[in-house]
Every structure is written in structure tokens, then in C-alpha cells.
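Written below as C-alpha cells is the structure these notes are about.
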There are 2 protein chains.
Amino acid sequence: MDGRVDGRAKRATLQTVADEVGVSRTTVSNAYGRPDQLNKALRERIFEAARRLGYPGPDATARSLRRGRAGAIGLVFTETLSYAFADPYSVGFLRGVAEVAEESGTGLLLIPMPPGSGDPETAVRNAVVDGFCLYCVPGGHPAKELIRARGLPLVTTDETDDPSIPYVGIDERGSARMAAEHIVRLGHRRVAVMVDHVSGPGTTGPATLDEQRASDCADLRGRLAGYRDALDEVGVAWESVRVVAAGRNSRTAAASQSAHILDVAERPTAVLAIGDVLALGVLDACEQRGLVPGRDISVVGFDDVPEAERARLTTVRQPMGEKGRMAGRLVLEPPREEKVPRIKLPTELVVRTTTGPAPR
Amino acid sequence: MDGRVDGRAKRATLQTVADEVGVSRTTVSNAYGRPDQLNKALRERIFEAARRLGYPGPDATARSLRRGRAGAIGLVFTETLSYAFADPYSVGFLRGVAEVAEESGTGLLLIPMPPGSGDPETAVRNAVVDGFCLYCVPGGHPAKELIRARGLPLVTTDETDDPSIPYVGIDERGSARMAAEHIVRLGHRRVAVMVDHVSGPGTTGPATLDEQRASDCADLRGRLAGYRDALDEVGVAWESVRVVAAGRNSRTAAASQSAHILDVAERPTAVLAIGDVLALGVLDACEQRGLVPGRDISVVGFDDVPEAERARLTTVRQPMGEKGRMAGRLVLEPPREEKVPRIKLPTELVVRTTTGPAPR
DNA sequence: TTGAAAGCGCTACCAT
DNA sequence: ATGGTAGCGCTTTCAA
């Protein structure tokens, strides 16, 4: 019957103000949204009445509903926001999206969707947005279908997604290959790989081949395949490559799990990390052990986060900001063509001082 | 007349599906929102019809309007999101807010409101949120009034704000004083201060007393006052303290503006930076000049960001995450009491190796 | 278990 | 320059 029964407090509305001033709702609405549609004096009178009545201005939700525009784009994360913010790579991507959002007066709705917490369906359903960026949402994640189902513009940054979803990213495999080729060219043959996690988050230590293949993260699989490509080329069997999971994408986690790489007989001479944050952790571990990167051991990262330069880390640079900007634009102004955009941005090997010739 | 004229595409709605299945809107609504209100078979039939008709599920905006809940809390920034994300301190705060938001299935709407870009009024008015966190919004910023006017729960982290706004923060002045007292106790008397900016962003170099006083950022003024307290105590005239603006809160900016501190006759023996990011920049500049922190010059930061530990930076630790969590909670469940909460979280001086006795 | 009615608060359109 | 009308798409209450 009456919405008020829902427990909402009675509040002043457009109508209240209109009645008070003795004009129509339209006019009050115009006072806020189209100042040029009424004369200044009336507008002032309306605002004055609004103040008196404690009318807070047009309701944002109602306005969105009527206008058919939410004024926000949704960023979906499957990790906790805490992690998302913690990695400078993510931050770079977000900055990119934010830039284009800012330009069009659009907000960014962060939609946390970590494994245990809450119901992904509800989170997606209730998000008041004009489109979504899927950001590190693994292939099989339930959120993906829900989001598609909402029928809003959608962009993903995850490589092997459904080809019907617009995509912006990099050539994961080729880029990883560059990193590994660099190492191989320097003569390294005993190589280890550091990843965040293969199966669920939290799993640490060496990962079996099966586990690697089972990873739900396409980007990860792509990078591993790239490493493998380069190693195959020189006859290094992938089975001989120890793949170690840090458990999560954190510098300290990587440092501690580095024990599985550094403290073993026949220590690898090179470590490929699938992200700079992990690589920096490996470097920390090296330092603790008195190993000099570039001389005693070589370390290559991925991303080229700001901190990588300071650490003189050899890494693969990907244009994180540009990725974010492209993704943002694609959501804000979906191309009308039939063809689904699939954009690959260029990457580049940045050689600094953490890599050097393989020690004999 | 007809809303469709607005240019919106015709889409399937609840009603469409209801008609197709031959039930009422209520029943379809229940199928989505209250599964226990109808039998399984009917629910399936409804979903099936929805699929066939391309009905994307209940519209989030309409649902929000009807329910009176937006399902998001607004985070207002007056800098570009790019900067906001770039500082680990901000990130720590955001992580805190995110944590409590996640727990209650609430999203975070980032509302960019940088000086030049777009209209703050529009941004605030259109934000579909249940409350706001004001985050580094200077005292006189127009956004503040607009947000208040919306009448939603509101929390600020900026100290000397309107006392009618719930506040969570730290004792800026006392904390800064701790930092300066530490320096003073080590015998330093020639002291410089590094700030991000006093007046508008972008102003760099030494700042006059008038400029310092005119700063619109209460936190900054509080910290400067704290430094001054400690220096006054030992007879160091504040006029003799060179306050240098980096122009913005960035490590590289601080490094380059450090010239105004390090490359002058009678070089200061200690530098107080109002944030760790700036302090790290000062350290970079010291390194370039071959100055050893803790021996040739002392540097103190503020915040205790993760990077500070790695750099062995002496600093004032503030609980950024806790600040965020408290702020989030205060917005999500505004206390019903009359008294406006004003929470000050504890801080702590963390002495590492960038400070040492004043060189003679 | 299902449905009819009653709006949530607003803005676009057209007419005056 | 101002107003009347007609919904935007949904959920809730109450009754059947």
C-alpha cells in the first residue's frame, strides 16, 4: 500500500517543495537540473523553501532510474579489495580506469567478491552501474555469467575469456616468453618459477604439473606456457622447472616461499616471477641469504611496477594505465560494431640489473 | 508521455516475464528476491521464460529506489583517484573501509572530485550511496556542504572539520610533536620541513609563514603546529624553519624539491616530512648526494607505510587500516546517540635508522 | 501460494 | 517560463 510502511522515514520530496512554493514538480526539478529553464528569482525562492523544509535535493536513485543512467562503472574483483589495492599493478590499472571515468563525471563502484564473503549474485544484481570491468575474474567464476546476464556493457582483462566479451589485455604468453628467452640467452638452464597461487588462494609451495594445468586463471596459464615455450626451445624440460606458489600476491609471502627455490640442492640460477610484487619478494629472500642478484642468481619480474625500477629489477613492462583507460572507454562507449573488440597492448622487456649471465 | 521517447531501448521487464508465464509481477519478483515464496517448478518456469525473453533480472536502480537502499558507500576524494591510489597511506585507509563494506555486502563508490575536472555538485548529487566518507576534503571545499545537504550518514577524517560531522582520525598535532621532539632530543636545531603543498596543489618550493597559515588542509596545519610546539620548547624559532612544498604527494617530487633543503648554505641537520612518501623522496635525494641518513642528516616521516620499514625510516605510525574500518562502520551504522562521535586513534613513534644525533 | 494496488521520487515530453 | 501527464521498474502490503 504505502511505501512508508517499509520503515523509511518521511522526508521532504520535490512535491513537498513544489507545494510550498506553489509551483509544479517540473519547475522544482528544473531548478536543480536545468537552471536556465526558469528565472533566477523563482529558482532562489525554490532553494530557499527547500532549505526551510530540509529537502536534500533530488534523490540520486530516483534520478538514475528516471534518466536510465547510473553514473558509475562497476569494477569486479574476486579477491578482497585489500589485495587488489595492495598490488601496484592493480593500482595502475585502476588509475587508468579512473582517469576516463573522471572525464565523464562517472564514479567507480568497487564490487568486492572474495571467495568466502557474501553472495556474488546479490553483489552483481544490486550494483547500480552502467557497465562492468571484469578484473582478474577467473574463467569459471559464477559472477561472470551473472554479469553477462545483466546485459550491460562489459569488458574483461582476462585473456581466454568467452570470445564474445570485449577484451583488453596483453599477449600473456608471448610476453612471458620474452622474459624466459632473456634468461635462456644468458645461459641459464636451471630455472624456477614463482607464482601467486595455482589452485585456490592460500596454497603454497611447489606445484605439480596437474595443479598448474588446473589453474583457473587464464593469465597465469598463459604466462607459464610462455616460459615453457622459451625453455622448450633450448631443451630444458618443463618437468624440471620448479613452480612455487607464494600463496598470495604479496612480497613477504614470496620472500618466505622463496625457501623452496633458494634453499635446495642444485639451486636454480634464475627465477621467473609472474609478477613484480613476487619478484621483489624473491629479491628480499636473496638479500637475506647474501645472494647478489645479477651475479649469483637472476630474477625477472612481470608488470614493471614503479618499485621495480628502484629495485633495478629486470621485468616485462605492460602498460597498466593504458589498459585501464582502454577498458574504461570500452565500457563507457561500447563500439556499435558487430565485431567484439579484442585489444592486445604491447609489452616490452626491460633489462635492469637483476639478471646476468648464468654462473658456472 | 512515454518514457521510451527518452531514447532508451525497449527491454524486457518484470511485467513482460509475468505476462509470458501468466503470473503476476509479484510472483516474478519473488522468484528472484524471495525464492521461498513460490514453488520450485514455477520458479524454474519463470527463469526459463526470462531467459527466453532476454530479461536480465530485476533492475538494480529500480530495486534500490523501491527498497530505499543504495548498497554502496561513497568515498569522496578531492585529488584525482590516481593520486589517491598512489599513496600507500590512502590505500591502507581504503583497505580498511573495504573490509567492513565487504562484510555487509556493500560496494564502494569512488567519487573523483579533483580541482579542475567536472562539477562537484553533480558528482555528489548523482552518487547512488547510503552514506559518505570524506577523505582528505579540505575545510572550505564546496563538496562538503553539498554532501551534508544530502542528509546521509557522513564521516570525515579531517581534523578540524565542522564539529557536527562524525570524525575519526588521530591527534595530528600531538603526533607531529612526537616526531619533532625525537629530533630535538637528538640535538638537532637546524630543521627543515617537507610538505606536499600549502596552498593549491602544484605550488613548490619554500613556503612563507602566511602561506602556511592559509593552508586549507587542517591536518597539515595540525602537523605543522605540532612540529612547532616541540621546536618552541627548545627555543628554535619557527621562522628559522624552512618549510618546503613538494608540489604534490609524490616521492619523486619530494626528491627534486629536496634541493631547497639539501643544497643550501647551513644545511639543516634534520628533515621532518609530513608523510612517508615525501620522506622517502628526501631519502632518495640524500642518497644522490651521498648523505647518509642517521649520520649526516636525520629524516622523519609520518604514517608508517609498508615501504617505510624497508627503508628503515623513522616515522610516526598511525593505524590507517583501523581508521578506515572505523569510518566505514560509522557510515554503515550511524550511532543513534545525540553526541557526534569524534574518535582519535592512537599513534606511535617508530624509531628506525634514518635518525641519529645531530652532527656537530 | 498468488495477485492487485499503491507508490518509491523523479524527469522528459508536450502544451500553454 | 511554467505546468500536466505519464511513466522509469520494482517491491511491499494486504487480501484471497
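In what follows, every heavy atom counts, from backbone to side chain, and hydrogens, waters and symmetry copies are set aside.
Between the CG atom of B:N126 and the P atom of C:dC10 there is a distance of 12 Å, rounded to whole Å. Rounded to whole angstrom, the span from the CG atom of B:N30 across to the C1' atom of C:dT1 amounts to 10 Å. Rounded to a whole Å, the CG atom of B:D59 is 18 Å from the P atom of D:dG7. One atom, CZ of A:R66, and another, C1' of D:dA6, lie 8 Å apart when rounded to the nearest Å. To the nearest angstrom, P of C:dG7 lies 18 Å from CG of A:L14. We find that CZ of A:R34 is positioned 10 Å from P of C:dT11, with the value rounded to whole Å. Rounding to whole angstrom units, CZ of residue B:R25 and P of C:dA5 are separated by 10 Å. One interatomic measurement links the two molecules: OH of A:Y32 to P of C:dT11, which rounds to 10 Å at whole-angstrom precision.
Residue B:S29 places at least one side-chain N or O under 4.0 Å from the OP1 or OP2 atom of D:dT11. Look at B:S24 and you won't find any side-chain N or O under 4.0 angstrom from OP1 or OP2 of C:dT2. Using a 4.0 Å cut-off, some side-chain N or O of A:R63 falls inside it from OP1 or OP2 of C:dT11. Contact check, B:Y55 against D:dC10: a side-chain N or O comes under 4.0 Å of OP1 or OP2.
For the residue pair A:Y135 / A:T78, no side-chain donor-acceptor distance below 3.5 Å is found, with atom types taken as modelled. With hydrogens and angles left out, the side-chain atoms of B:R69 and B:T106 include a donor and acceptor closer than 3.5 Å.
Side-chain contact between B:V97 and B:V331: absent, with no pair of heavy atoms (C-beta onward) separated by less than 4.5 Å.
Heavy atoms of B:Q15 sit nowhere under 4.0 angstrom from any nucleic acid atom.
A:T26 contributes a side-chain N or O that forms a donor-acceptor pair with the base of D:dG4 under 3.5 Å.
Salt bridge absent: A:R51 and A:E48 never bring a charged side-chain N and a carboxylate O closer than 4.0 Å.
Across B:F77 and B:L110, no two heavy atoms sit closer than the pair CE1-CD2, 3.9 Å.
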